[in-house]
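What follows is a short report on a single structure.
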Amino acid sequence: MFLHRLKKRLIEVGEQKFLEKLEAEYKEKQLSKRKLKDKKIKSLDQKFTRVAFKLAYVGINYHGLEQQINQQNTIENHLFKALQRVRMIDNRDDCNYTRAGRTDKGVSAIGNVVALNVRKIGKSDKLYAQILNRVLPEDIQILDECIVDEKFNARYDCTKRVYKYYFYKMDYNIELMTEAMLLFLGEHDFRNFCKLDVIANQNFVRTIMNIAIEEVFPENAPRCSTLFKDDDRLRLYCVTIEGNAFLWHQIRYMMAVLFLIGKGIEKSSVITDLFTKFDGKPNYQMAPDYPLVLYNCEFKQQLWNPNPESHTEFTQGVYENLRETLSKKYIEYLHFYQMGSSLLKVPVPEAKVKVEEKKSLVIQKSGVTVEGAIQNLKGKRKEKYDIKIQKVKEYQERCLQNNKNEEEVENQ
């Protein structure tokens, strides 16, 4: 208030030049202070290193891995909040962040990998992970870390991704499913086994390296308890799928077809038919999200070489973080168990397999084709698609030009 009155008075008495001089000196002092502060910060933060983190999370309570504008409850949002809170990074844009797998809402991970540039904070092994795990939610944890080359890209350097999908036997014919899943092996066009996104993908060919099914914990399953020992439907199975890359919702659509085969609604040959039927994707519901887990990501180089002493101490710390959560979940399980124990006097009814009257996926009315999806693009999505296609064409032209240049050099 005083400065405002002084400024007004100087203008009234005609000291405009004197006022301008004072303001200029004040601005110069403020600018010098700001430069000095920025210099101090830069001297502290100029040293960075690139780190790969093995990220694990229970995705049931989150809206997917990817950070979203209108959704705060995502894995990456919590991860970057923790990174900024402990001053490892300033913001996401400046840390060259990459990820091996992008999981959707409800999907979990045990071995997802992210890489980013963080400030050097010491020479202690596993120090970054220890600090982050203290501020991360209990169902998001760093299981390992590794210093990597500055050019390391978690997405493009990943050579294999391993997913697991859990389900109870219920009324499924496991033998039929085991026989049918072998048809997925090898290189195929999976456009009928994914959610079509013509902007992100123009190539729908993917390779399944391995696929297998096995019973999980056969000697320690819920059905071995007093309550469920006679209920064969509660045998827990797991399908493990290995590939170099996957399309949007590809595994959940693959599992949905396997479940239809296991129920006897479809024959195994439907998989081969869907690999060659391109007149429109059949409309069928994909399998649930919560049983799916990104189990492991493999790379050209060996990332995780733990020091036995520090690694044992680190894993003990992670376990301590999870122990309370595990205890709560076990008590929760006991509550449900006691609720079901009141039904012990009532005999468990035999499951009756109901054959659903449903048209085969092959003869269903065709849904949206790739060509139709492209034609339906409008506005910003159409612009985004055109930009993507232009970039692909420019990349192909550069590759052709490079090949020609190499041939000319060889001929000389």
* Shortest non-hydrogen contact between V216 and C238, atoms and distance -> CG2-CB, 3.4 Å

* E145 side chain reached by K54 side chain, heavy atoms, under 4.5 Å -> no

* Asked: Ignoring hydrogens and geometry, is there a side-chain-to-backbone donor-acceptor pair from T74 to H63 under 3.5 Å?
  -> no

* Contacts of type side chain to side chain contact (heavy atoms under 4.5 Å, CB included), residue T103, not counting sequence neighbours -> Y57, L65, V107, L294

* 4.5 Å side-chain heavy-atom contact, I140 and L55 -> yes

* Listed partners of F193 passing ring pair (Phe, Tyr, Trp, His ring centres under 6.0 Å), at least two apart -> F184, F190, F275

* Structure fact -> Partner of F53 under side-chain contact (heavy atoms from CB on, under 4.5 Å), picked from V113, L143, L132, is L132

* Asked: Among all residues two or more places apart in sequence or in another chain, which pass the ring pair (Phe, Tyr, Trp, His ring centres under 6.0 Å) test with H78?
  -> Y62

* Any salt bridge between R235 and E215, counting N to O under 4.0 Å? -> yes

* Would you say the side chain of R206 lies within less than 4.5 Å of the side chain of Q250, judging by non-hydrogen atoms? -> yes

* Structure fact -> Contacts of D149 meeting side chain to side chain donor-acceptor pair (under 3.5 Å) (sequence neighbours excluded), chain-then-number -> none

* How far apart are the C-alpha atoms of D90 and R119, what are their side-chain angles, what is the distance that settles it, and do they pass the salt bridge (Lys or Arg N to Asp or Glu O under 4.0 Å) test? -> CA-CA 10 Å; D90 289 324; R119 291 189 179 93; 2.7 Å; yes

* Structure fact -> Those residues at least two apart in sequence (or on a different chain) that pass side chain to side chain donor-acceptor pair (under 3.5 Å) with N117 are R50

* Is there side-chain contact between Y295 and N112, with heavy atoms separated by less than 4.5 Å? -> no

* Structure fact -> side chain to side chain donor-acceptor pair (under 3.5 Å) filter on T49, not counting sequence neighbours, yields none

* Quick one: side chain to side chain donor-acceptor pair (under 3.5 Å) partners of K105, sequence neighbours excluded? -> none

* **Those residues that, when tested against F259, pass ring pair (Phe, Tyr, Trp, His ring centres under 6.0 Å) (two or more places apart)** => F167, Y172

* To do: Look at the side chain of N73 and the backbone N and O of N61, then say whether any donor-acceptor pair between them is shorter than 3.5 Å.
  => yes

* Taking only residues two or more places apart in sequence or in another chain, which ones pass salt bridge (Lys or Arg N to Asp or Glu O under 4.0 Å) with D189? -> R191

* **pair C146-Q302: side-chain heavy atoms closer than 4.5 Å** => no

* To do: Please list, chain by chain and in numerical order, all residues satisfying side chain to side chain contact (heavy atoms under 4.5 Å, CB included) with N91, sequence neighbours excluded.
  => Q84, D93, D94

* Test item: Q72 side-chain N/O and Q68 main-chain N/O as donor-acceptor pair under 3.5 Å -> no

* Any donor and acceptor pair, going by atom type alone, linking the side chain of T207 with main-chain N or O of G186 inside 3.5 Å? -> no

* Quick check: does any side chain N or O of R161 sit under 3.5 Å from a backbone N or O of G243, one acting as donor and the other as acceptor? -> no

* Structure fact -> In short, Y237 meets K169 closest at the heavy-atom pair CE1-CB, 3.9 Å

* **Interatomic spacing from CE in M209 to CD1 in I241 - rounded to 0.5 Å** => 13.5 Å

* Structure fact -> Here the gap from I271 atom CD1 to M254 atom CE, rounded to the nearest 0.5 Å, amounts to 8.0 Å

* To do: Would you please name every residue forming a salt bridge (Lys or Arg N to Asp or Glu O under 4.0 Å) with R99, sequence neighbours left out?
  => E66, E76

* Short question: side chain of T98, backbone of A154 - any donor-acceptor pair under 3.5 Å? -> yes

* Pairs involving residues 93-116, ordered by first then second residue, that meet ring-ring contact (aromatic ring centres under 6.0 Å, His included) (sequence neighbours left out) -> F80-Y97

